[in-house]
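Order of appearance sets the numbers: ligands from 1, and atoms from 1 within every ligand.
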Amino acid sequence: MSIRTPATQQASLTKISEGLFQRARLVIPDGVNRATVDRDPFPDYAGWGRGAYLYDVDGNRYLDLNNNFTTLIHGHAFEPVVEAARRMLKDGTCFSNPTLHEINLAELLCERIPAVEQVRFVNTGTEAVMFAIKAARAATSRPAVAKLEGAYHGAYDWAEVGQTGTPADWGMPEAPAAVPNYTGQPRSVTDDVVLLRFNDAEGARRRISDNHDRLACILIDPVPSRAGLLVPDQGFLAAIVETARQYGILVIADEVLNLRQSYHGASARFGLSPDLICMGKIIGGGFPIGAIGGTRAAMSVFNGRGGRPLLPQAGTFSANPISMVAGHASMTAMTREQFDRLERLGDHLRARLQELISKYEAPFSVTGSSSLFRLHPKIEAPREYRDAYLTKSEANAMRQLGRFFKQHGIILPFAAAASLSTAMGDTEIELVLETFEHALACEELSL
Ligand SMILES: Cc1ncc(COP(=O)(O)O)c(C=O)c1O
């Protein structure tokens with residue numbers, strides 16, 4: 001199959017993808033298996049990936065800033081991961097017995113992440129969040145969860161509430177409404193979720209105190225991506241932890257996406273000291289994974305000492321050896337030096353994007369840190385979900401920008417974090433900057 005470079009790529013050269021989508025829609029509702037798949041007007045079906053680039057089935061090449069929603073920190077088909085998985089495949093893909101490989105990955109995480117003394121592995125970030133919430137309930141005998149408005153934590157019912165509020169239903173700033181995530185979500189679920197607003201320390205203190213006798217945990221992503229890839233103000237995370245400790249409420253850091261913030265993870269970087277940490281994405285090297293880690297005390301609910309624990313946790317594919325060896329290979333290659341290099345690339349990219357915004361006096365801002373960034377069609381960088389919420393015309397501007405990037409051979413995620421990988425360098429950063437500048441200068445776009 002011939003490979004088209006971005007310069008020769010045309011939107012019309014997507015015939016095979018278009019045909020596949022027609023087939024898919026007959027047998028898969030909406031044609032895709034994830035609500036988050038870009039299908040404007042149909043998805044580009046992936047053929048293969050190498051390093052920073054993804055090739056679709058029509059032979060178009062894209063610089064992949066999605067990296068499977070920030071999972072692929074080394075890009076596609078990273079050789080040490082391929083090799084580790086290949087060796088494991090020959091020995092068997094899953095056993096009812098434990099393996100050495102789960103101990104290796106658990107040791108690596110315990111060594112690196114300060115709040116993690118012990119770990120249990122599951123298969124997805126959703127499961128990690130679910131078991132962390134259940135662990136907090138088991139430890140406190142309380143049912144309710146406090147979480148941040150607009151933050152995405154996967155598909156466990158309580159973790160989904162308040163994820164998609166709009167100005168029509170999100171309620172007063174001092175009492176954000178527990179907006180259900182789907183029609184029919186039980187009242188018993190929404191009643192047990194207390195929403196807080198990011199960077200509103202006083203509001204959070206008040207809401208936690210008012211509900212303290214029923215709260216098991218506060219679930220917080222220190223840099224929530226879908227809520228705006230927001231950066232926490234100094235003092236906000238400390239206020240959350242201090243209030244939680246006062247009432248014996250557990251703090252759960254959701255680092256499924258943000259573990260890539262540093263060698264020691266996101267909580268360590270932003271000064272959060274959680275009881276439990278949810279992990280996923282990068283720790284599986286591109287294979288399905290989730291993990292719940294935490295202090296020995298918080299993790300003791302999983303420990304039955306040979307009998308039934310307070311919280312039983314199983315799963316047919318939990319700690320499957322392929323994910324374990326792939327994750328170990330990927331994380332081992334993520335040395336301190338690699339984290340530093342990615343951080344420098346990210347700093348450079350964000351600073352230059354900001355320079356372009358100023359040069360063109362464009363109504364944009366950029367948020368993020370380390371290897372993550374997000375462009376907002378807003379003059380002021382958002383500090384909370386309500387600031388980051390896209391009006392219809394803003395969503396339209398972002399869609400146009402995404403299409404423009406795609407036509408120039410770059411996948412830019414919509415309303416989510418874009419991510420760098422170790423497979424990227426100055427060439428890729430320049431390509432992103434050039435494309436953004438073209439978009440800002442392009443009179444046909446109404447950005
Ligand atoms: C912060 C956060 N938590 C949880 C999840 C759910 O992880 P998974 O998709 O592996 O179930 C995600 C996924 O994007 C996430 O970003």
Side-chain angles (χ1 to χ4, degrees), residues 32-38 65-73 113 120-136 145 147-164 181 193 196 198 217-232 237 251-261 265-267 269-270 272 274 276-294 313 315 317-320 322-324 326-327 330 367-374 385 388 413-419:
V32 289
N33 287 285
R34 300 193 264 186
T36 44
V37 170
D38 178 16
L65 293 175
N66 189 308
N67 282 307
N68 193 30
F69 296 98
T70 77
T71 299
L72 300 169
I73 199 159
I113 316 299
R120 291 289 282 243
F121 290 109
V122 288
N123 301 291
T124 60
T126 290
E127 268 184 272
V129 169
M130 173 179 82
F131 278 113
I133 290 174
K134 288 184 178 189
V145 175
K147 61 157 295 207
L148 280 295
E149 199 173 46
Y152 181 75
H153 299 284
Y156 186 47
D157 267 277
W158 289 264
E160 285 182 325
V161 174
Q163 197 187 97
T164 52
N181 192 48
V193 178
L196 314 174
F198 203 79
C217 60
I218 299 161
L219 175 64
I220 180 163
D221 177 345
V223 197
S225 154
R226 288 203 169 265
L229 198 62
L230 308 167
V231 176
L237 299 177
V251 175
I252 302 173
D254 180 354
E255 298 197 22
V256 168
L257 190 151
N258 273 301
L259 198 79
R260 59 154 61 218
Q261 285 286 344
S267 292
R269 178 178 180 142
F270 291 98
L272 180 70
L276 292 164
I277 293 191
C278 306
M279 294 167 277
K281 299 200 193 259
I282 66 165
I283 67 163
F287 286 85
I289 200 160
I292 313 104
Q313 174 262 317
F317 293 101
S318 290
N320 79 80
I322 303 284
S323 297
M324 298 296 109
S330 176
T367 56
S369 54
S370 184
S371 54
L372 299 169
F373 74 96
R374 183 168 160 183
Y385 172 66
F414 178 81
S419 63

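- In this structure the side chain of T126 never reaches within 4.5 angstrom of the side chain of V256, judged on heavy atoms.
- Residue D221 has at least one heavy-atom neighbour below 4.0 Å for each of these atoms of ligand 1: 1 (C).
- Residue F317 places its CZ atom among 12 or fewer non-hydrogen atoms of other residues, nucleotides or ligands, all under 6.0 Å distant.
- Protein heavy atoms are absent from the space less than 4.0 angstrom from atom 9 (O) of ligand 1.
- In the vicinity of T124, heavy-atom distances shorter than 4.0 Å reach the ligand 1 atoms 10 (O), 11 (O).
- Within the listing of ligand 1, atoms 16 (O) sit less than 4.0 angstrom from a heavy atom of L257.
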Problem - Full working for side-chain hydrogen bond (donor to acceptor under 3.5 Å, both in side chains) between S371 and R260 - result: CA-CA 7 Å; S371 54; R260 59 154 61 218; 2.7 Å; yes
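- The side-chain heavy atoms of N123 and S318, taken from C-beta on, include a pair separated by under 4.5 Å.
- Looking only at side-chain heavy atoms (C-beta outward), L257 and F69 stay at 4.5 Å or farther from each other.
- Side-chain N/O atoms of Q261 and N258 include a donor and acceptor closer than 3.5 Å.
- No side-chain donor from either of N67 and T70 sits under 3.5 Å from a side-chain acceptor of the other.
- At least one N or O atom of K281, backbone or side chain, sits closer than 3.5 Å to an N or O atom of ligand 1.
- Ligand 1 has a nitrogen or oxygen under 3.5 angstrom from a nitrogen or oxygen of G125.
- If you number the atoms of ligand 1 from 1 as listed, the ones under 4.0 Å from a heavy atom of H153 come out as 3 (N), 4 (C), 5 (C).
- For the pair Y152 and ligand 1, a heavy-atom separation below 4.0 Å is found.
- Using a 4.0 Å cut-off to heavy atoms of D254, the atoms of ligand 1 that qualify are 1 (C), 2 (C), 3 (N), 4 (C).
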